[in-house]
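Here the structure is a predicted model, which means the values were calculated and not measured. The basis for the numbers below is simple: all heavy atoms, side chains too, and nothing from hydrogens, waters or symmetry mates.
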Amino acid sequence: MRKLLVYMKDYKKESFLAPLFKLLEATFELIVPLVIAQIIDVGIQTGDTGFIISRCLLLVGFGVVGMISAITAQYFAAKAALGYGTALRGALFRHIDTLSYTELDGIGTPTLVTRITSDVNQLQNGVNMTLRLLLRCPFIVIGALILAFVISPTMGFWFVLVTLAISLVVWLIMRVTVPQYRAAQNTLDKVTLLTRENYVGARVVRAFARQDDEITDFTAVNDKLKTFQLTAGRISALMTPLTYLIVNLGVIAILMRGGLQVNSGALTQGEIIALINYMNQILINLLRIADLVVSVTRALASGMRV
C-alpha cells in the first residue's frame, strides 16, 4: 500500500487544504446550535426583535462561509483524488505494457481490466472520501459531546450512551457487510472473465454447441454476485432505521430529563434545543463515518489487488 501512496506526492497541498476547510465548515456547524439557543433564550424570551435579527444574520453569515468552505474543500479533495487516480491508472497501464505474454496469460486479461478500471476507481473514491470525512466527522462527534457536557453534564451522560449505542450498531453492521463487499469485488472478476471468454471465443462456443453451458455458468456466477450485493445491501439498510430509533429514544430522554431541569432552572429551553441539534449532528456524522469505513475498506481491498 505504501507504493500506492507515492502517487499522492504531487497533491500534498490539496491533501492538506481539503481537510482544513472541512474542519472550518465543521466548526461553524458546531456553533450554530449555540446561536439558536441564544435566539430562543434571549431574543424570544425578552421579545428583542433586534437581537433576533442580528443573530439570524449571523446564522446566514455562518451558512455562507460554511458553504464556501465546503465547496473549496470539495474542490481540493476532488482534484487530489482524480489526480491520484489518473497517475495510478497511468502507472498501472505502463506496468502492464512491460509484462510478457506468459505473465499476461498467467494473470489473466479480465483481472487486469478489473484492476485498471474498477479497482483504481475504488481507490480514487476512497481517497476522496478520506479527505472529506476522515477528520470532519470525528471532529463534529467529539465536539458535540464536549459542548453537550458544557451545557449540562447530566445530559452529556445521555449523549455518551447514545453515541456508544449508535457506534455499536454501526460496528456490527460493518463487521457483517465488509466481507460481503470484498467477496462481491472478487466475484466481479469472474463475471468479467466469463464475459470476455464468451465474446472472444464466440465462434468456438457456437462450433461446439456450448451456448447453454456458457449461459448456465454465467448465470451461476452472476447470481452469486447478486447474492453478495443483496445481502450486503439488506443488512446495510438496517443501519438508518436502527440508528434513528436510538437517536429518537435519546431525544425523548433529553426532553424528559431536560424538562425537569428547565422547571428547576438548571437548563433553559434554548439549551434543550441545542442539545437535540447536537444529538442529530452526532447521528449524521456517525452514519458518514460508516460510509467512510465502507469506502476505505473497498479501497484497501482494491489497493491490495492492484
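For the atom pair OG of Ser152 and CD1 of Ile272, the computed distance is 7.5 Å after rounding to the nearest 0.5 Å. The CD1 atom of Ile254 sits 12.0 Å away from atom OG1 of Thr154, with the distance rounded to the nearest 0.5 Å. Separation of atoms OG1 (Thr240) and CG (Leu245) is listed at 12.5 Å; rounding is to 0.5 Å. Summarising the geometry, atom CG belonging to Leu82 is positioned 11.5 Å from atom CD belonging to Glu14; distances are rounded to the nearest 0.5 Å. Note that CD1 of Ile71 and CD of Glu25 are 10.0 Å apart. Values are rounded to the nearest 0.5 Å. Atom CG of Asn248 is separated from atom CE of Met279 by 10.0 Å, given to the nearest 0.5 angstrom.
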Please evaluate residues Leu147 and Gln281 with respect to the criterion side-chain contact (heavy atoms from CB on, under 4.5 Å), reporting the C-alpha separation (whole Å), side-chain torsions for both, the decisive distance (0.1 Å), and the verdict.
CA-CA 12 Å; Leu147 290 173; Gln281 286 183 3; over 6 Å; no

Kindly determine whether Arg94 and Asp97 satisfy side-chain contact (heavy atoms from CB on, under 4.5 Å), including the steps that lead there.
CA-CA 5 Å; Arg94 288 190 296 271; Asp97 275 346; 5.6 Å; no

Please determine whether side-chain contact (heavy atoms from CB on, under 4.5 Å) holds for the pair Leu34 and Tyr278, giving the CA-CA distance in whole Å, both sets of side-chain angles, and the decisive distance to 0.1 Å.
CA-CA 10 Å; Leu34 298 178; Tyr278 285 131; 3.3 Å; yes

Checking Leu267 against Leu260 for the side-chain contact (heavy atoms from CB on, under 4.5 Å) test, could you report, in this order, the C-alpha distance in whole Å, the side-chain angles of both residues, the deciding distance, and whether it holds?
CA-CA 9 Å; Leu267 281 177; Leu260 298 175; over 6 Å; no

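Although no hydrogens or angles enter the test, the distance criterion places no donor-acceptor pair under 3.5 Å between the side chain of Tyr84 and the main chain of Leu123. Of the possible polar contacts, none joining the Asn128 side chain to the Gln124 backbone as a donor-acceptor pair under 3.5 Å is found. Panel note: side chain Glu271, backbone Thr268; a donor-acceptor pair is recorded below 3.5 Å. Side chain of Asp41 to main chain of Gly270: a donor-acceptor pair is present (N/O by atom type, distance under 3.5 Å, no hydrogens or angles).
Put simply, the side chain of Met155 reaches to within 4.5 Å of the side chain of Trp158, judged on heavy atoms. Leu255 has its side chain within reach of Ile276: a pair of non-hydrogen atoms, C-beta onward, lies under 4.5 Å apart. The shortest side-chain heavy-atom distance between Asn277 and Ile36 falls under the 4.5 Å cut-off. Between Val221 and Leu225 there is no side-chain heavy-atom pair separated by less than 4.5 Å. Under the 4.5 Å side-chain criterion, counting only non-hydrogen atoms from C-beta, Leu275 is in contact with Phe159. By the 4.5 Å heavy-atom criterion applied to side chains, Leu59 and Ile39 are counted as neighbours. Looking at Val251 and Met256, their side chains never come closer than 4.5 Å, going by heavy atoms from C-beta outward. Contact of the Gln74 side chain with the Phe21 side chain is not registered, since no non-hydrogen atoms from C-beta on lie closer than 4.5 Å.
If you chain together hydrophobic residues whose side chains sit under 4.5 Å apart, Ile31 and Leu23 never meet in one group. When hydrophobic clusters are built by joining Ile, Leu, Val, Met, Phe, Trp and Tyr residues whose side-chain heavy atoms come closer than 4.5 Å, directly or via intermediates, Leu88 is grouped together with Leu99. Phe139 and Ile166 end up in the same hydrophobic cluster when Ile, Leu, Val, Met, Phe, Trp and Tyr side chains are linked at under 4.5 Å. Linking ILVMFWY side-chain heavy atoms closer than 4.5 Å, directly or via other members, places Ile140 and Tyr244 in a single hydrophobic cluster. Put simply, Phe157 and Ile282 are part of the same group of oily side chains (I, L, V, M, F, W, Y) that touch within less than 4.5 Å, one to the next.
Of all non-hydrogen atoms in Leu131 and Ala80, the two that sit nearest each other are CD1-CB, 3.7 Å. Listed here is the closest heavy atom pair of Pro19 and Leu135: CB-CD1, 3.6 Å. Minimum interatomic distance between Val169 and Ile246 (heavy atoms only, all atoms of both residues): CG2-CD1, 3.6 Å. Shortest non-hydrogen contact noted between Ala274 and Pro33 is CB-O, 3.7 Å. Nearest heavy atoms, Arg288 versus Cys137: CB-SG, 3.5 Å. Nearest heavy-atom pair, Thr130 versus Gly126, reported as atom, atom and distance to 0.1 Å: OG1-O, 2.7 Å.
Partner of Phe62 under the side-chain contact (heavy atoms from CB on, under 4.5 Å) criterion, chosen from Val60, Val64, Leu58: Leu58.
The environment of Gln269 atom CD is sparse: at most 12 non-hydrogen atoms of other residues, nucleotides or ligands sit within 6.0 angstrom.
A salt bridge does not link Lys22 with Glu29: none of the charged nitrogens is closer than 4.0 Å to a carboxylate oxygen.
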